[in-house]
Amino acid sequence: MVTDENDDYINLYCACDIKKRVVRLFFVYANNSGAAAGEQDFEVDVSMDPETADILLNKVFTALRIERE
């Protein structure tokens, strides 16, 4: 998310460990407008229910399979 007032970012990422067959969702806040008042970059894990994790994992493996074809 970027606003006209600053250039800070909040991004949602999905990381997959294909060897362990697990996915991780997390937000990353990137402070690009200067570290005023102790602001720092940070990340926060997002909790998922097992069904959502399975859906994301299946999407990753489907994409990998298509990529290898």
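Just so it is clear, the structure is predicted and the values come from calculations on it, not from any experiment. Both backbone and side-chain heavy atoms feed into the values below; hydrogens, waters and symmetry mates do not.
- Atoms SG and CZ, on Cys16 and Arg21 in that order, are 8.5 Å from each other to the nearest 0.5 Å.
- Residues Phe42 and Val28 fall into different hydrophobic clusters, defined by Ile, Leu, Val, Met, Phe, Trp and Tyr side chains chained together at heavy-atom separations under 4.5 Å.
- If you chain together hydrophobic residues whose side chains sit under 4.5 Å apart, Met48 and Phe61 fall into the same group.
- No chain of hydrophobic side-chain contacts below 4.5 Å, direct or via other Ile, Leu, Val, Met, Phe, Trp or Tyr residues, connects Leu12 to Phe26.
- Of all the heavy atoms in Val23 and Ala53, the pair that sits closest is CG2-O, 3.7 Å.
- Atom CD of Glu43 and atom CG of Asn11 lie 11.5 Å apart (nearest 0.5 Å).
- Here the closest heavy-atom approach between residue Asp17 and residue Lys20 is recorded as OD1-N, 3.0 Å.
- Atom OG1 of Thr62 and atom CG of Leu57 lie 9.5 Å apart (nearest 0.5 Å).
- Rounding to the nearest 0.5 angstrom, the gap separating the CD atom in Glu69 from the CD atom in Glu67 is 11.0 Å.
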CA sep, side-chain torsions, deciding dist, call: Val60, Leu56, side-chain contact (heavy atoms from CB on, under 4.5 Å): CA-CA 6 Å; Val60 167; Leu56 291 174; 5.6 Å; no
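- Following chains of ILVMFWY side-chain contacts shorter than 4.5 Å, one cannot reach Tyr13 starting from Phe27, and the two form parts of different hydrophobic clusters.
- Residues Tyr29 and Val44 form no side-chain contact, since every pair of their non-hydrogen atoms from C-beta on lies 4.5 Å or further apart.
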